[in-house]
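Report on one structure; see the data block that follows.
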Amino acid sequence: SHIYCISPTRINVCGKINVMCFDKTGTLTEEGLDVLGVRPTDAESSRFAELVEDPCSLPVGPAVAPSAPSSAFSSVGSTFAANMHSTLGGLASLDRSSSMTSPPRRLADPSKLSLMHALATCHAVKLVDGQLVGDPLDVKMFEATGWVFEEQEGEEAVGNPQVKLSSAAVGRTAAMPVPAVVRPPNTDRFTLDGAGGTNVYELGIIRTFDFSAALRRQSVVTKRLGARYNEVYVKGAPEAIRELCYSDTIPRDFDSVLLDYTNHGYRVIAVAGKPLKMSWPKLQRLKRDAVEADLIFMGFLIFENKLKPTTEPVIQELRAAKIRQIMCTGDNVLTAISVGRECAMVPEDMRVYIPRLVRRKEIVPQQQQQLTNGGSHGEPPLGSDSSTSDSNGNGNADADADIDARAMVVWEDAEDELRVLDPYTLEPRAATAPVKDRLVSSDMAETSAEMQRQQQQYFGWLHNYTNPDIELLSSGNYCVAVTGEVFRYMMDTAPDVTVGRMLMRGAVYARMSPDEKAELVERLQTIGYCAGFCGDGANDCGALRAADVGLSLSEAEASVAAPFTSHSTDIQCVLEVIREGRAALVTSFSCFKYMALYSIIQFTSVSILYEFGGGLGDFQFLFIDLFIIVPLAIFMGRTPAFDKIAPKRPTANLMSKKVLTSLFGQIIINSAIQAIVFRLVKRSENYSPPVREDPTDVDSLLIRSFENTALFLASSFQYILVACVFSIGPPYRQSNLRNRGLVTTCVLLFAFTIYLVMWPNEWANDVFELVMISDGFRQTVMVFAVINLALSAVGEYWLFPWLSPYMAKAGRIAKYMFRRH
């Protein structure tokens with residue numbers, strides 16, 4: 001199966017899994033993403049333009065400089081320029097918090113930006129041996145542009161003229177080294193001596209801020225050859241990018257377009273940018289927060305991520321086996337729900353409730369914001385430092401208020417606004433009237449007191465206008481899809497009871513950071529789940545390490561953290577690991593019971609013989625231990641795993657009532673058979689009591705005797721038949737007939753033991769120190785061997801499983817009576 005294990009002790013744990021968490025991209029869906037297209041913004045209509053299916057058809061450069069880099073600032077509109085100069089003095093007092101009531105005045109010119117530039121530069125792609133490597137999303141995005149990527153490493157990047165921007169481009173007297181350069185196809189490479197050609201168009205990637213799971217975005221600072229300003233491009237989660245953009249650049253149909261694509265399972269990446277005029281030294285000292293602020297929204301990049309062919313059958317088999325499945329992804333919650341329905345992780349008839357975190361408005365004081373480079377064209381402010389205070393300047397006056405007064409979680413049906421969940425019990429309720437927007441909207445309350453009033457009004461609406469959804473509550477056919485923001489809030493502030501109910505109902509966890517994925521796994525473990533996690537990326541390492549069973553589909557970073565690594569990239573390996581884990585768990589318990597019972601059988605034989613000073617001979621011990629126990633114990637564990645995963649998991653507790661009932665029941669059966677045989681041999685025809693050859697040697701054991709012969713032959717059968725009874729087959733392992741080694745060993749041992757009983761010769765009697773018993777008693781030994789086999793099989797497969805619950809109940813009653821008295 002090409003599944004490698006670096007922690008063999010986890011194999012048995014695989015048989016105990018009752019919840020399996022999956023990453024989405026690259027695990028449930030194909031590793032590679034296909035670019036569906038780009039939805040740029042239309043400034044005139046303040047809406048999205050039509051989908052551009054081929055990104056190569058996008059304009060190459062900014063509108064102000066469609067062809068020549070030297071004309072970067074030649075086409076700025078007079079109206080825009082006048083606004084820039086007239087507002088230059090008011091930049092320091094610009095308050096971004098006013099965007100909640102009216103759009104802030106945009107000070108940057110969107111015509112200086114290019115969506116094609118963003119796609120070609122906003123990535124972390126590297127060039128290794130002539131091949132583009134990096135995040136699959138970044139590679140697909142860059143390949144969709146058709147541009148050329150050049151990169152130099154180490155000191156060569158500084159000295160190589162192919163990766164320098166000229167002094168004309170920088171406006172300085174020396175060339176500026178850049179880590180990487182991109183250029184459109186069919187253009188000439190820039191060289192300092194001008195020998196490269198005249199059709200030159202290049203962009204240098206000056207600084208790169210790698211993708212941050214916490215921030216959910218990535219950004220770059222670039223410079224176009226010959227331009228007098230830099231270009232900043234940021235891409236990331238739509239909701240994260242939206243918060244960084246000027247509100248008047250957000251299209252009016254932002255939510256509806258995003259909802260449409262995510263509901264169809266597409267992955268949507270938002271792109272934004274801004275022009276930035278700043279010197280090279282200042283750029284190198286610029287902080288990330290300053291770069292990723294005051295952006296102009298540019299559009300959506302849409303990826304199509306198809307399910308792997310094996311995903312749905314695997315999920316269906318896990319569901320049939322009653323193993324819970326959870327999707328844990330960093331993608332959009334609606335996209336995750338769509339993929340969940342497509343792969344049957346979330347059935348079509350199951351209702352899904354999505355939480356909304358309603359926060360109070362944060363009052364941010366107006367801070368002095370300064371231009372990082374006071375150019376004549378008035379670029380927007382790069383960032384500001386702020387501290388939380390209320391409108392009266394009381395600083396953290398509300399910080400000591402109850403933390404629950406800062407926010408509340410509203411659970412709403414993804415498809416029906418009249419269906420909600422009780423915020424505490426998470427029980428479904430049906431509303432008779434829709435809730436008012438002011439009760440479930442953020443930023444309506446400015447203080448903790450106002451937030452508390454908003455909560456009380458919402459709870460009043462729940463009490464007066466909603467009723468318990470009895471039908472849905474009785475069927476339990478609903479789940480919740482939790483976002484990372486709500487997950488963090490619930491973990492920090494919600495009661496343990498509510499958190500437990502959320503974890504029990506959660507089917508999809510979206511926008512989860514790597515740390516939150518690991519915390520989810522740990523929380524599931526605290527409520528009694530044996531959790532497995534299957535992922536393929538470095539952001540899954542924490543969850544793979546925290547899970548009881550971590551299964552990596554990658555041979556890179558994740559394989560180091562996971563105890564299991566699959567050479568195959570589909571999730572069929574999850575079924576294989578669970579099947580083998582259950583088979584290993586059953587085998588371990590079977591071997592334990594067999595070795596325990598073997599010791600008890602031998603102990604019983606020796607104890608009975610010790611009654612008259614007898615015992616087993618040396619070769620009898622050798623035959624039992626070396627020729628019976630060793631081969632049986634080896635081959636018992638070689639039965640293959642069953643093809644299907646049964647709904648009922650095998651016993652995982654060594655001291656469980658099922659294991660102990662079986663073990664003590666077999667002890668009683670086998671000990672009773674030996675006791676009966678011991679009594680019957682004394683009534684056989686030619687029986688004679690044991691006599692010492694040397695009456696003075698009282699320390700030696702009496703080996704040659706009728707009792708010794710009878711118990712040795714009877715116990716030899718018991719060792720073999722108990723191995724057959726304890727070798728469990730379906731539903732956890734295949735039939736024992738598939739285990740050729742075990743079948744061959746049992747047949748040979750049974751044949752040899754029957755030979756010793758029915759047709760012994762002098763050689764066998766001398767070697768095993770046996771005496772000649774009557775033919776009638778030989779038949780008696782064979783009959784009791786058959787009775788022993790029948791009783792052990794009936795007890796193991798029917799009687800003991802039926803008795804185990806009653807034995808557990810009797811044990812609890814005895815414990816109660818003992819404590820009472």
Side-chain angles (χ1 to χ4, degrees), residues 594-630 663-723 749-750 752-789 791-792:
Y594 178 66
M595 298 307 293
L597 195 57
Y598 141 68
S599 302
I600 294 298
I601 291 173
Q602 195 170 81
F603 171 77
T604 303
S605 301
V606 173
S607 299
I608 294 176
L609 293 173
Y610 197 73
E611 177 187 354
F612 60 88
L616 296 175
D618 293 339
F619 198 81
Q620 290 175 345
F621 276 117
L622 184 64
F623 174 74
I624 293 171
D625 293 341
L626 187 60
F627 295 99
I628 296 181
I629 303 303
V630 170
L663 184 59
F664 286 114
Q666 294 292 351
I667 291 174
I668 293 172
I669 292 174
N670 288 275
S671 298
I673 294 293
Q674 287 198 42
I676 294 172
V677 169
F678 178 75
R679 298 301 176 189
L680 291 178
V681 72
K682 295 181 179 181
R683 303 177 183 178
S684 60
E685 297 178 3
N686 59 342
Y687 171 78
S688 61
V691 178
R692 296 183 185 276
E693 296 180 359
D694 183 3
T696 61
D697 187 11
V698 295
D699 294 331
S700 63
L701 295 175
L702 289 171
I703 304 301
R704 284 183 176 270
S705 65
F706 282 84
E707 291 86 350
N708 172 282
T709 302
L711 290 180
F712 171 73
L713 295 175
S715 64
S716 296
F717 277 115
Q718 289 179 336
Y719 297 127
I720 306 169
L721 64 89
V722 165
L749 290 175
F750 268 125
F752 185 75
T753 307
I754 292 173
Y755 161 74
L756 288 179
V757 174
M758 299 301 298
W759 307 285
N761 54 26
E762 292 184 3
W763 173 85
N765 289 338
D766 291 339
V767 172
F768 290 97
E769 301 181 77
L770 305 177
V771 298
M772 295 299 293
I773 56 178
S774 64
D775 293 340
F777 188 73
R778 297 179 194 278
Q779 296 173 3
T780 301
V781 172
M782 293 299 301
V783 169
F784 273 94
V786 174
I787 293 175
N788 198 159
L789 176 61
L791 290 177
S792 295

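Quick caveat: nothing in here was measured; it's all calculated off a predicted structure. Heavy atoms only: backbone and side chains are in, while hydrogens, waters and symmetry mates are out.
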Side chain to side chain contact (heavy atoms under 4.5 Å, CB included) between Phe706 and Asn686, intermediate numbers included | CA-CA 9 Å; Phe706 282 84; Asn686 59 342; 3.7 Å; yes
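Here the side chains of Ile624 and Gln602 are in contact, with some heavy-atom distance below 4.5 Å. Under the 4.5 Å side-chain criterion, counting only non-hydrogen atoms from C-beta, Ile608 is not in contact with Phe603.
A distance-only check finds no donor-acceptor pair linking the side chain of Ser684 to the backbone of Leu680 [under 3.5 Å]. Remark: side-chain polar atoms of Tyr687 are not paired, donor with acceptor, to backbone N or O of Glu707 under 3.5 angstrom. No side-chain donor-acceptor contact under 3.5 Å links Gln674 to the backbone of Ala714. A donor-acceptor contact shorter than 3.5 Å links the side chain of Asn708 to the backbone of Gly615. Here the side chain of Glu769 pairs no donor or acceptor atom with the backbone of Gly617 at under 3.5 angstrom. With hydrogens and angles disregarded, a donor-acceptor distance shorter than 3.5 Å links the side chain of Thr709 to the backbone of Val771. At distances below 3.5 Å, at least one donor-acceptor pair connects side-chain atoms of Asn670 with backbone N or O atoms of Gln666.
For the residue pair Tyr719 and Asp625, no side-chain donor N or O sits within less than 3.5 Å of a side-chain acceptor on the partner.
Between Phe623 and Phe752, a ring centre-to-centre spacing shorter than 6.0 Å is recorded.
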